[in-house]
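These notes concern the structure reproduced below.
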Amino acid sequence: MLIDRIDLFHVAMPLISPWRTAYGEDYVIESVLVRMASGGVVGWGETSPLATPTYSPEWAAGVFHVLKTWLAPRLVGQDIASGAALQERLGAIKGNPFAKAGLDLAWWDLFARQQGQPLFRVLGGKSPAVTVGADFGVTDSVPALLQQIAQAVNAGFARVKLKFRPGWDLPMLRAVRQAFPDSVFHIDCNSGYRLRDLPLFQQVDEFRLAMIEQPLAHDDILDHAKLQKAIRTPVCLDETVASVDRARQALEVGACGYINIKPGRVGGLTNAVAVHDLCVQHGIPCWVGGMLESAVGVAHCIALGTLPGFTYPADVFPSERFYRRDLGEPPITLSGRSQVQASAEPGLGTVPNLELLSLQTLQHWSSSGA
Ligand code: MG
């Protein structure tokens with residue numbers, strides 16, 4: 001596909017309520033949307049590293065700058081035949097997986113639209129149905145959290161994920177387990193602890209969690225391997241797995257029992273599929289994570305989640321959970337209890353609402369100079 005034009009939109013999407021994790025609070029989600037055009041057909045990608053480098057070393061304004069200065073110009077006017085060719089073309093620029101993901105995701109949507117095929121089929125998915133879970137950040141009080149969990153459990157969500165950070169840890173978990181003895185839970189520490197906290201995680205073992213997500217540093221593999229050997233609960237890596245090689249190394253040293261795959265964090269769908277395939281080879285289950293993207297980014301996550309190695313419910317949520325009005329159309333809705341469907345339309349089946357896009361755009365760049 002000859003890439004005719006690329007447009008970038010750095011956007012700020014206001015959340016209904018703040019999202020609290022081990023790394024802080026977000027009131028808006030800053031994200032970068034990528035529009036890629038070839039022969040009159042347009043594809044969309046979205047990459048959301050958040051507004052500040054608190055989840056990973058990247059941040060939205062930085063991603064926008066890297067994209068417009070170094071990455072997008074490498075693709076415009078080029079004939080890019082595959083996701084692998086795109087990654088190779090961007091390979092001279094080190095790191096910056098979220099920035100590369102914006103282009104990779106837009107390329108896949110564009111490619112699928114040109115084929116006239118739904119994206120999930122092009123990726124190799126058999127069925128459009130994806131099981132999803134519920135996810136709760138740090139709330140004002142434990143009773144408030146218990147109330148939210150009760151709603152999720154009654155609504156039939158297959159599992160519930162809880163953010164976990166110093167000051168919001170064992171007492172919260174004890175109260176949750178007492179109130180819901182049989183539900184599937186896991187905790188996400190967002191890199192908030194170190195190996196010296198091993199005694200805490202040995203206590204976590206008693207709560208029969210499905211997994212402990214990213215307990216240690218965002219770039220660590222070896223300490224996670226040591227922790228995994230010292231506790232019964234499976235460790236799940238999220239932040240650590242920023243590339244296909246990082247996934248391979250983590251699997252080789254036994255650093256985890258699960259991997260959470262986010263297309264943005266690993267550099268796009270091309271690498272997300274490769275990490276998925278590695279997990280399948282190693283017999284390690286994986287699941288799809290999210291960065292509170294608009295429906296455009298979530299639709300990419302859903303298409304990915306149709307692959308067979310994704311056996312644990314995804315962090316995919318209905319639009320109304322976080323946004324009064326989703327920047328992407330159609331909004332994400334549940335198709336049944338704890339389930340969403342990948343679009344049967346060609347490509348992603350989701351596009352930004354252009355009026356809302358212009359309202360929420362902080363910066364725009366076009367390879368055409370327009
Ligand atoms: Mg996580």
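Bear in mind the structure is a predicted one, so any value in this text is a computation, not a measurement. Every number for a ligand or one of its atoms is a count from 1 in the order of the listing. All values below were derived from every heavy atom in this structure, side-chain atoms included, with hydrogens, water molecules and symmetry-related copies excluded.
Between the side chains of H218 and E239, no donor N or O sits under 3.5 Å from an acceptor N or O. Between T139 and Q148, the side chains place no donor N or O within less than 3.5 Å of an acceptor N or O (distance only, hydrogens not considered).
Identified under the ring-ring contact (aromatic ring centres under 6.0 Å, His included) test for residues 29-61, with sequence neighbours left out: F9-W44.
In terms of modelled atom types and a separation under 3.5 Å, the side chain of S38 and the main chain of V41 share no donor-acceptor contact.
L105 has its side chain within reach of P263: a pair of non-hydrogen atoms, C-beta onward, lies under 4.5 Å apart.
Taking the six-membered ring for Trp and thresholds of 30 and 60 degrees, F64 and H10 have ring planes inclined between 30 and 60 degrees apart.
For the Mg ion (ligand 1), the set of protein N/O/S atoms nearer than 2.8 Å consists of D188 OD2, E213 OE2, D238 OD2, ordered by chain and number.
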